[in-house]
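This report refers to the structure that appears directly beneath it.
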Amino acid sequence: MWEPWLKVVPIVVAIWAVTSLFAWDVLYFWPGWVAGPWGAVLLVRTVLGITSGEPARWAAERERRRRRRREKRARKRERRAARRETRELPGESG
């Protein structure tokens, strides 16, 4: 959730810094209007998410996905092993 903010804010601050440098004057710090309100909304959403137990739900969902992937890989391995067994002719060794 914070990743886009962390990418955009340095870019707008760099743009402000470059324009201030070319103007030979410190211009009005307009990136505050980008970073401030957006950051405040993210902060409120983060605090509300933490108090509502959102990270625990994310962790549980992540674990469910990991378990499903492990089970899927195990089924694929079993299918591959079964195919190898059916391809081998009696009396031959692999």
Side-chain angles (χ1 to χ4, degrees):
M1 189 162 72
W2 283 88
E3 188 176 346
W5 187 87
L6 291 170
K7 289 179 180 178
V8 170
V9 170
I11 292 170
V12 295
V13 169
I15 292 169
W16 169 81
V18 168
T19 55
S20 290
L21 185 66
F22 283 129
W24 290 95
D25 193 17
V26 177
L27 300 176
Y28 175 75
F29 189 71
W30 58 267
W33 289 104
V34 175
W38 189 8
V41 169
L42 289 175
L43 184 63
V44 168
R45 290 189 65 193
T46 299
V47 169
L48 291 176
I50 288 172
T51 58
S52 70
E54 195 69 25
R57 284 194 291 271
W58 291 341
E61 180 60 29
R62 226 180 6 253
E63 184 55 37
R64 276 193 295 274
R65 287 181 187 152
R66 284 182 190 139
R67 188 174 359 96
R68 279 189 230 132
R69 276 189 297 239
R70 282 192 303 263
E71 291 169 356
K72 187 175 180 179
R73 277 188 236 126
R75 284 192 303 268
K76 282 183 179 180
R77 280 192 296 267
E78 289 171 6
R79 275 188 245 131
R80 270 189 248 131
R83 270 189 261 139
R84 275 190 227 120
E85 289 174 5
T86 57
R87 277 190 257 154
E88 288 182 5
L89 294 175
E92 286 188 19
S93 58

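Val12 and Pro31 make their closest contact through O-CG, 3.6 Å (heavy atoms, listed as atom of the first residue, atom of the second, distance). When all heavy atoms are compared, the tightest approach of Gly32 to Pro37 is O-CD, 3.5 Å. Across every non-hydrogen atom of Trp2 and Thr46, the tightest pair is NE1-OG1, 2.8 Å.
In the hydrophobic cluster analysis, where Ile, Leu, Val, Met, Phe, Trp and Tyr join through side-chain heavy atoms closer than 4.5 angstrom, Phe29 is grouped together with Ile15. Cluster membership for Leu43 and Trp5, using ILVMFWY side-chain heavy atoms within less than 4.5 angstrom, is shared. Cluster annotation: Val26 and Tyr28 are assigned to the same hydrophobic cluster (Ile/Leu/Val/Met/Phe/Trp/Tyr, side-chain heavy-atom contacts under 4.5 Å, transitive). Residue Leu42 is grouped with residue Leu6 when hydrophobic side chains (ILVMFWY) are merged at heavy-atom distances under 4.5 angstrom, including chains of intermediate members.
Every side-chain contact (heavy atoms from CB on, under 4.5 Å) that Leu27 has, sequence neighbours left out, goes to Trp16, Thr19, Ser20, Ala23. Among residues two or more places apart in sequence or in another chain, the side chain to side chain donor-acceptor pair (under 3.5 Å) test is passed with Lys72 by none. Legend: residues meeting side chain to side chain donor-acceptor pair (under 3.5 Å) with Trp30, ordered by chain and number and at least two apart, are absent.
For Glu78 and Arg75, the salt-bridge test fails: no basic side-chain N is under 4.0 Å from an acidic carboxylate O. Using a 4.0 Å cut-off between charged side-chain N and carboxylate O, Arg70 and Glu63 make a salt bridge.
Heavy-atom contacts from other residues, nucleotides or ligands closer than 6.0 Å to CH2 of Trp38 number more than 12.
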